[in-house]
Amino acid sequence: MESDPNPHDPSPTGGGEEAKKGLVVLLVGAPGSGKSTFCNDVTAAARRPWVRVCQDTIANGKQGTKLQCLMSAATALKDGKSVFIDRCNLEQEQRADFVKLGETQADVHAVVLDLPARLCISRSVKRTGHEGKLQGGNAAVVVNRMLQKKELPKLSEGFSRITFCHGENDVKDAVKTYSNLGPLGDLSAGVFGQKNKDDKVQLGIMRFLKKVDKQDQDASGNDVTSDRNFTQAIVPRQDSIGNTVTAELKNKNEDHGSLNDENSSERSFVGGSSCNGIHTLAFPSISTSDFQFDLEKASDIIVDSVSDFLKKFDSVRLVLVDLSDKSKILSLVRKKAAEKNIESNKFFTFVGDITQLYTKGNFRCNVIANATNWRLKPGGGGVNAAIYRAAGDSLEIATKERAETLSPGNSVVVPLPSSSPLHLREGVTHVIHVLGPNMNPQRPNYLKNDYVEGCKILHDAYSSLFENFASIKCQMRNESKRSSSGISNLQNPLKGTTGTCFSHSDQKIKQEGWYYSERNKKCKGFPFNAAAKEKMSTPHGSHGYAHSETHSDVSNWDENSSNLSSSSNPGHEVKEKKCAEVSKRTWNAWAQALHEIALNPEKHKDVVMELSDDFVVLNDLYPKAIKHVLVLSRLHGLDCLVDVRKEHLPLLKQMHSVGLKWAETFLRKDSSLIFRLGYHSVPSMRQLHLHVISQDFDSVHLKNKKHWNSFNTSFFRDSAEAIKEIERHGVATVIEDESLLKMELRCHRCRSAHPNIPRLKSHIANCKASLPAHLLHNGLLVSAASKSVG
């Protein structure tokens with residue numbers, strides 16, 4: 001660490017009366033670390049003019065955007081004032097744009113409030129009236145996730161000075177330093193107070209709801225939360241897959257300094273995320289108890305399914321749970337997993353009650369599976385009854401909101417309400433109901449010992465279970481990024497870049513119930529798994545129809561954003577991604593319907609309108625306009641626009657031509673219609689499909705903002721433009737910005753705003769304005785007059 005003979009000496013270092021450049025001080029710290037208090041303490045006693053820029057209040061006292069913070073900081077510097085950037089700034093990406101302010105206008109410092117994580121959580125949970133509404137139990141979850149992404153600042157980022165504060169005494173010294181800094185004062189350059197340059201994450205965040213009122217002082221006189229009675233939960237660990245972890249592990253009282261032992265990477269954080277991002281699914285053996293499925297065959301399927309899943313995903317852990325330490329299924333699975341050399345830190349068995357993994361076994365797990373019945377009801381015996389009993393009435397209510405019945409081979413995710421005892425006591429955030437095959441003649445859906453069909457259904461059940469778990473993991477990772485950043489990286493505000501962010505209310509929605517959107521209620525009983533597609537009925541009639549509504553739980557992507565302005569939404573920043581930069585996403589079981597139709601169209605003859613070796617044409621099951629058809633690619637592995645490359649151009653052009661042909665067919669019957677052809681940037685259904693949709697949007701199925709904005713913002717990529725981009729660059733640009741789907745409702749013709757869908761529909765029916773100029777002039781619309789697209 002660079003040294004400074006007197007790091008707190010605010011006297012000028014030279015230059016006499018020469019005016020100094022401005023000063024930007026980035027405060028770096030988790031919620032609850034005292035950033036706002038630091039700003040207020042300095043400005044109250046300051047000798048130079050300071051401006052506090054806080055994203056929580058930047059928009060007239062309400063939460064604003066990163067861009068607004070950048071613009072406010074730039075304005076203050078031009079006015080000769082110094083600036084505190086009161087944001088968390090925990091990642092280098094989030095600091096970069098503020099550091100750029102120092103290129104011409106200011107020196108840039110960082111003050112790192114690296115206080116104990118326990119103290120930050122305690123403060124966040126207890127505080128009231130916080131400017132950003134980050135308080136209570138949800139605050140603890142957010143702090144925990146943000147700290148996992150923490151990147152300590154370095155001089156190489158562009159800072160001239162970095163000060164680390166590890167306790168209250170350090171903070172007081174830093175406050176004094178900046179308070180005494182006069183208008184012409186300067187501080188020595190360098191890094192001061194850093195204990196360990198490689199330390200990124202403070203471990204030891206557990207039991208954040210536990211009251212932590214007492215504070216002690218460490219040897220240096222800094223206030224820290226007492227370590228007394230601070231209990232760490234040890235994640236069960238095996239030396240080999242042959243050893244079963246039991247629920248008799250004892251709590252161990254450990255001080256903060258002992259958390260770097262060899263087991264630290266195995267420790268579980270709140271909600272099941274460990275310090276290295278591990279998410280855990282605990283599941284019982286499916287169908288081997290009351291449904292009497294053969295144990296040998298079941299164990300083979302478990303091990304094969306686990307092995308296949310772990311090859312695709314990192315930072316996950318699967319745990320097979322049984323009540324008895326004499327369980328034959330556990331013994332068989334352990335033996336076969338060892339033979340397959342499955343890593344024991346990613347998959348192991350556990351003896352104990354699946355509803356008491358933490359309180360009895362010291363094992364924190366955020367997702368558990370329930371071997372349910374077809375009615376998705378409590379009752380019976382075994383795991384199903386135990387989970388419903390432990391979770392309380394809220395689980396049954398939440399389940400009814402997701403589905404009414406379940407067919408063998410399928411699963412459904414239920415976000416567990418935060419009020420559920422299972423959530424509060426055990427930290428379980430999601431329950432995945434899964435139904436396997438039945439070999440018991442006394443139970444429904446008896447397969448009469450048909451193990452060919454039974455093994456297929458059981459394999460589908462585990463695949464569906466693991467796919468849904470992977471989707472939860474992806475959602476939590478994306479939520480963690482949004483919680484810690486609030487907005488994607490922006491360019492220098494002086495260049496006129498625009499931006500947006502997610503509000504606190506949006507964050508809360510995601511934290512407490514974001515996983516399944518309204519659309520899933522319509523998918524009850526939908527035959528997404530191959531094994532069940534023949535037997536499963538749908539409440540909507542013909543099961544082969546496509547369902548293509550858009551939602552936002554789509555990304556298992558590495559965030560790499562830039563800015564793009566939509567002509568239909570001027571001044572709005574979105575996340576633009578080239579396909580080559582986007583990693584493969586995970587598809588939920590319910591999202592496979594189009595994929596199934598594309599690969600097996602002969603089984604859906606009742607809904608297929610046109611069929612070739614390369615494509616399938618069918619009506620959208622929930623059309624958003626008078627005419628709304630889909631042209632599906634039949635190429636396996638081409639799931640969405642992000643998968644398209646130059647070699648796929650002939651197929652895309654063929655799909656485009658087919659879409660034009662169908663639009664013209666409809667126009668011969670009704671010449672008043674106007675059509676647009678395009679793709680959703682982030683589709684909800686697997687299998688590349690082109691939308692051919694009339695611009696009247698006269699449909700009972702168009703019900704909310706998400707439906708409207710998925711077709712009337714830059715989220716919708718016109719087919720002709722996508723083809724041109726791929727011809728030029730080899731990939732198309734997709735726009736992954738959840739806030740696009742939440743924009744205010746505006747008429748796609750005159751751009752007038754409307755408070756709700758009924759009012760918008762009423763207006764559209766009478767609006768005589770022309771469609772947007774960029775669509776008309778670029779030939780992106782098909783009408784009786786044009787009969788062509790670009």
Side-chain angles (χ1 to χ4, degrees), residues 281 283-309 318 320-322 324 327-337 339-340 342 347 349 354 369-377 379-385 387 403 405-412 432-469 524-538 543 588-590 592-593 595-596 599-600 603:
L281 167 68
F283 63 97
S285 176
I286 302 170
S287 292
T288 54
S289 179
D290 193 38
F291 284 180
Q292 301 176 5
F293 200 92
D294 182 81
L295 298 184
E296 282 285 350
K297 292 181 173 63
S299 60
D300 286 336
I301 293 171
I302 292 172
V303 173
D304 288 343
S305 299
V306 167
S307 178
D308 291 343
F309 177 73
L318 304 177
L320 179 64
V321 180
D322 197 286
S324 173
S327 167
K328 185 175 180 181
I329 190 68
L330 292 190
S331 177
L332 289 169
V333 168
R334 287 197 303 272
K335 177 182 175 183
K336 294 175 181 180
E339 291 171 354
K340 270 188 171 285
I342 297 178
F347 174 58
T349 58
I354 198 170
N370 176 35
T372 190
N373 51 58
W374 71 274
R375 297 175 302 160
L376 294 171
K377 296 287 187 180
V383 171
N384 185 63
I387 289 178
T405 62
L406 194 65
S407 291
N410 289 269
S411 67
V412 59
I432 305 178
H433 296 300
V434 59
L435 183 61
N438 174 39
M439 296 299 178
N440 183 349
Q442 305 301 317
R443 295 289 180 265
N445 300 312
Y446 174 48
L447 290 179
K448 300 179 181 179
N449 289 323
D450 180 359
Y451 272 97
V452 173
E453 180 69 7
C455 288
K456 186 179 181 183
I457 292 175
L458 187 59
H459 189 276
D460 285 339
Y462 280 110
S463 296
S464 177
L465 170 64
F466 295 157
E467 286 171 5
N468 273 326
F469 170 56
K524 297 172 184 176
F526 205 90
F528 301 124
N529 288 75
K533 64 182 178 289
E534 297 289 350
K535 301 181 179 181
M536 206 167 171
S537 63
T538 168
H543 65 274
N588 293 315
W590 50 259
Q592 305 286 346
H595 180 68
E596 163 60 22
L599 298 187
N600 300 288
K603 296 182 180 180

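The structure presented is a predicted model; accordingly, all values stated were derived computationally and were not measured.
- Looking only at side-chain heavy atoms (C-beta outward), Asn410 and Leu435 stay at 4.5 Å or farther from each other.
- Nearest heavy-atom pair, Gly436 versus Pro408, reported as atom, atom and distance to 0.1 Å: O-CB, 3.9 Å.
- Minimum interatomic distance between Ser285 and Ile302 (heavy atoms only, all atoms of both residues): OG-CD1, 3.9 Å.
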List the steps and the verdict of side chain to side chain contact (heavy atoms under 4.5 Å, CB included) for Ser305 and His459.
CA-CA 7 Å; Ser305 299; His459 189 276; 3.7 Å; yes
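- Two residues are said to be in side-chain contact when any heavy atoms from C-beta on lie closer than 4.5 Å; Ile354 and Ile387 meet this criterion.
- At least one side-chain heavy atom of Ile301 sits under 4.5 Å from a side-chain heavy atom of Cys455.
- Of the inter-residue distances, the one linking Ser289 atom OG with Asn384 atom CG reads 11.5 Å to the nearest 0.5 angstrom.
- Using modelled atom types, one side-chain atom of Asn440 and one backbone atom of Asp290 make a donor-acceptor pair closer than 3.5 Å.
- Residue Ser324 comes nearest to Leu330 through the heavy atom pair O-CD1, 4.1 Å, listed as atom of the first residue, atom of the second, then distance.
- Taken to the nearest 0.5 Å, the CD atom of Glu453 stands 13.0 Å off from the NZ atom of Lys448.
- Formation of a donor-acceptor pair under 3.5 Å by the Asn600 side chain with backbone atoms of Lys603 is not found in this model.
- Annotation for Ile329 and Ala298: closest pair CD1-CB, 4.3 Å, computed over non-hydrogen atoms.
- Between atom CG of residue Leu458 and atom CZ of residue Phe293 there is a gap of 5.0 Å, rounded to the nearest 0.5 Å.
- A donor-acceptor pair is defined here as one N or O able to donate and one able to accept, closer than 3.5 Å; no such pair exists between the side chain of Tyr451 and the backbone of Lys297.
- Taking the side chain as every heavy atom from C-beta outward, Ser299 and Val333 approach each other to under 4.5 Å.
- The aromatic rings of Phe466 and Phe283 sit perpendicular to each other, their planes meeting at more than 60°, with 30° as the lower class boundary.
- Using a 4.0 Å cut-off between charged nitrogen and carboxylate oxygen, Lys336 and Glu296 count as a salt-bridge pair.
- Formation of a donor-acceptor pair under 3.5 Å by the Ser411 side chain with backbone atoms of Ile432 is not found in this model.
- Asn373 places a side-chain N or O within 3.5 Å of a backbone atom of Lys377 that can act as its donor or acceptor partner.
- Rounded to the nearest 0.5 Å, atoms CG (Leu320) and CG (Leu281) are 10.0 Å apart.
- Ser327 contributes atom OG, which lies 8.0 Å from atom CG of Leu295 (distance to the nearest 0.5 angstrom).
- Using a distance-only test at 3.5 Å, with no hydrogens or angles considered, a donor-acceptor pair links the side chain of Tyr462 to the main chain of Ile286.
- In terms of heavy-atom proximity, Phe291 sits nearest to Pro437 at CD1-O, 3.3 Å.
- Proximity of Ile457 to Leu447: side-chain heavy atoms (C-beta onward) are separated by under 4.5 Å at one or more points.
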Could you please spell out the steps behind the side chain to side chain contact (heavy atoms under 4.5 Å, CB included) verdict for Val412 and Thr372?
CA-CA 10 Å; Val412 59; Thr372 190; over 6 Å; no
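- In terms of heavy atoms, Pro444 sits closest to Asn438 at O-ND2, 2.9 Å.
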